[in-house]
J.: 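My questions all concern the structure below.
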Amino acid sequence: MAAPVSYGQISQEGLWNNNVALVQLLGLCPLLAVTGTVINGLGLGLATLLTLVASNSLVALIRHWVPTEVRLPVFVLIIASIVTTIELLMNAYFYDLYKVLGIFIPLIVTNCAIIGRAEAFASRQKVGRAFADGLMMGLGFTLVLVLLGGLREALGQGTLLDQAHLMFGEAARDLKLTLMEDYRGFLMAVLPPGAFIGLGLLIALKNAIDHRLAQRAATRKSRAAQPAGILPERI
């Protein structure tokens, strides 16, 4: 029997190695559509995170009682029920943000990352690890949404945390940061092409960091394999 996946591995996979948005490239439609500002990205990211945590936990809890033949319809029913609950809560308590995010809240049901984690991980693991997987995958997805929203908002409007009151109440209006006074904005950053270019830059940055880390690991391994007293040849 294979050793159970450790919580450290789950965290590393969700936040970096197998990030939903940067590596799996799943759920890109809402990611590209609503990341015009940091607050929009954070709102959709938290809704997706809650859905991942709740669906993973419920799927892991009932995995022994669901016949294999009907597991996918059952998983979709669970996810749809959770998303509907979150949608109603946002409608009740965050109505202005709910109106901004619009159709992309119910469309979380169709996010391939959520049904993918339920099928590939939660249906084969205990509740604790399934909960951790949903939390880390959701956090990784939310961080990319916030980073992309910040990049597009800074370039498109010259601000950060604009309309923070939609999520944090009227007291948060002062959280808005103006990065450049009298900035007229860069229109392409707030349009769909800006979202594609911004996500491409984030993916390129992650790949560059991974390449650099792999080079360092290879250099350390090469030095460790050399006999003592022999200095590495200079190039």
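One is the number of the first residue; the rest follow in order along the sequence.
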J.: Determine yes or no for a side-chain-to-main-chain donor-acceptor pair under 3.5 angstrom, with Q24 supplying the side chain and A113 the backbone.
T.: no
J.: For residues V5 and I10, report the shortest heavy-atom separation together with the two atoms involved.
T.: CG1-CG1, 3.7 Å
J.: List the steps and the verdict of side-chain contact (heavy atoms from CB on, under 4.5 Å) for L50 and L46.
T.: CA-CA 6 Å; L50 288 174; L46 290 178; 5.5 Å; no
J.: If I compare all heavy atoms of M137 with all of V20, which pair ends up nearest, and what's the gap?
T.: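 Closest approach of M137 to V20: SD-CG2, 3.7 Å.
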J.: Name every donor-acceptor pair, under 3.5 Å, that has one atom in a side chain of residues 86-107 and the other anywhere in the protein, sequence neighbours excluded.
T.:
from : atom 1 : to  : atom 2 : distance (Å)
E87  : OE2    : Y98 : OH     : 3.1

J.: Considering all heavy atoms of both residues, which atom of M136 and which atom of S11 are nearest to each other, and what is their separation?
T.: CG-CA, 3.5 Å
J.: Which residues satisfy the salt bridge (charged side-chain N to carboxylate O under 4.0 Å, His left out) test with R117, sequence neighbours excluded?
T.: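 For R117 the salt bridge (charged side-chain N to carboxylate O under 4.0 Å, His left out) partners, ignoring immediate neighbours, are D133.
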J.: About how many Å separate CD of Q12 and CG of N18, when rounded to the nearest 0.5 Å?
T.: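 Going from the CG atom of N18 to the CD atom of Q12 covers 11.0 Å.
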J.: Kindly indicate, with the supporting measurements, whether the criterion side-chain contact (heavy atoms from CB on, under 4.5 Å) is fulfilled by Y183 and Q157.
T.: CA-CA 7 Å; Y183 179 62; Q157 305 179 28; 5.8 Å; no
J.: L26 and I115: same hydrophobic cluster, using ILVMFWY side-chain contacts below 4.5 Å?
T.: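 Hydrophobic grouping puts L26 with I115.
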J.: Going hydrophobic residue to hydrophobic residue with side-chain gaps under 4.5 angstrom, can you get from V146 over to F196?
T.: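 As far as the 4.5 Å side-chain criterion goes, F196 and V146 are connected within one cluster.
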J.: Using side-chain heavy atoms (C-beta onward) and a distance below 4.5 Å, is R129 in contact with F121?
T.: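 Side chain of R129 against side chain of F121, heavy atoms only: contact under 4.5 Å found.
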J.: Within the 4.5 Å heavy-atom criterion, are F141 and L52 side-chain neighbours or not?
T.: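 No, their side chains stay 4.5 Å or more apart.
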J.: Output the distance between atom CG (N40) and atom CG (L148), rounded to the nearest 0.5 Å.
T.: 11.5 Å
J.: Below 4.5 Å, heavy atoms only, C-beta onward: do T48 and T142 meet side chain to side chain?
T.: no
J.: Using atom types as modelled and distance alone, determine if a side-chain donor or acceptor of R63 lies under 3.5 Å from a backbone N or O of A60.
T.: yes
J.: Quick check: does any side chain N or O of N19 sit under 3.5 Å from a backbone N or O of L15, one acting as donor and the other as acceptor?
T.: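 Between the backbone of L15 and the side chain of N19 there is a qualifying donor-acceptor contact (under 3.5 Å).
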J.: Quick check: do T35 and L44 have side-chain heavy atoms less than 4.5 Å from each other?
T.: no
J.: Considering only heavy atoms from C-beta outward, does the side chain of L201 approach that of I197 to under 4.5 Å?
T.: yes
J.: Where is the tightest heavy-atom contact between A122 and N56, given as atom of each residue plus distance?
T.: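 Distance-wise, the nearest heavy atoms are CB-O, 3.5 Å.
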J.: Atom CD1 of I39 and atom CG of L166: how far apart are they, to the nearest 0.5 Å?
T.: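 Answer for the CD1-CG pair, I39 versus L166, is 7.5 Å.
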J.: Roughly how far, to the nearest 0.5 Å, is OG1 of T159 from CG of L177?
T.: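 Between atom CG of L177 and atom OG1 of T159 there are 8.5 Å.
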J.: Would you say R124's side chain and A120's backbone share a donor-acceptor pair under 3.5 angstrom?
T.: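 Yes, the answer is positive, given that a donor and an acceptor are paired below the 3.5 Å cut-off.
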J.: Identify the two heavy atoms, one from V23 and one from W16, that lie closest to each other, and give their separation to 0.1 Å.
T.: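 The pair with the smallest heavy-atom distance is CG2-O, 3.8 Å.
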J.: State, with a plain yes or no, whether a side-chain heavy atom of L161 is found less than 4.5 Å away from one of F168.
T.: no
J.: Checking side-chain contact (heavy atoms from CB on, under 4.5 Å) for the pair L31/L145: CA distance, chi angles, key distance, verdict?
T.: CA-CA 6 Å; L31 183 145; L145 282 167; 3.7 Å; yes
J.: Tell me the closest heavy-atom pair linking A21 and L199, and the distance in Å.
T.: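 Heavy atoms only, the tightest pair is O-CD1, 4.4 Å.
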J.: Supply the atom-to-atom distance R216 CZ to H211 NE2, rounded to the nearest 0.5 angstrom.
T.: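 R216 CZ to H211 NE2: 12.0 Å, rounded to 0.5 Å.
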J.: Same cluster or not: V38 versus L22, using hydrophobic residues (I, L, V, M, F, W, Y) connected whenever any side-chain heavy atoms lie under 4.5 Å apart?
T.: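 Yes, same cluster.
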J.: Under the side-chain hydrogen bond (donor to acceptor under 3.5 Å, both in side chains) rule, collect the residues that match up with R71, sequence neighbours excluded.
T.: E119
J.: Can you find a pair of side-chain heavy atoms, one from L49 and one from L135, that are under 4.5 Å apart?
T.: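 The answer is yes; the side chains approach within 4.5 Å.
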J.: Looking at T178 and E181, would you say the former's side chain and the latter's main chain have a donor-acceptor pair under 3.5 Å?
T.: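 No.
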J.: To the nearest 0.5 Å, what is the distance between NZ (K176) and CG (L179)?
T.: 10.5 Å
J.: If you apply the rule side-chain contact (heavy atoms from CB on, under 4.5 Å), what do you find for I62 with V74, and how did you get there?
T.: CA-CA 10 Å; I62 64 169; V74 171; 4.1 Å; yes
J.: Group every Ile, Leu, Val, Met, Phe, Trp and Tyr by side-chain heavy-atom contacts under 4.5 Å, then state whether L58 and V53 land in the same group.
T.: no
J.: Find out if a path of hydrophobic residues (ILVMFWY) with successive side-chain heavy-atom gaps under 4.5 Å connects V83 to L28.
T.: yes
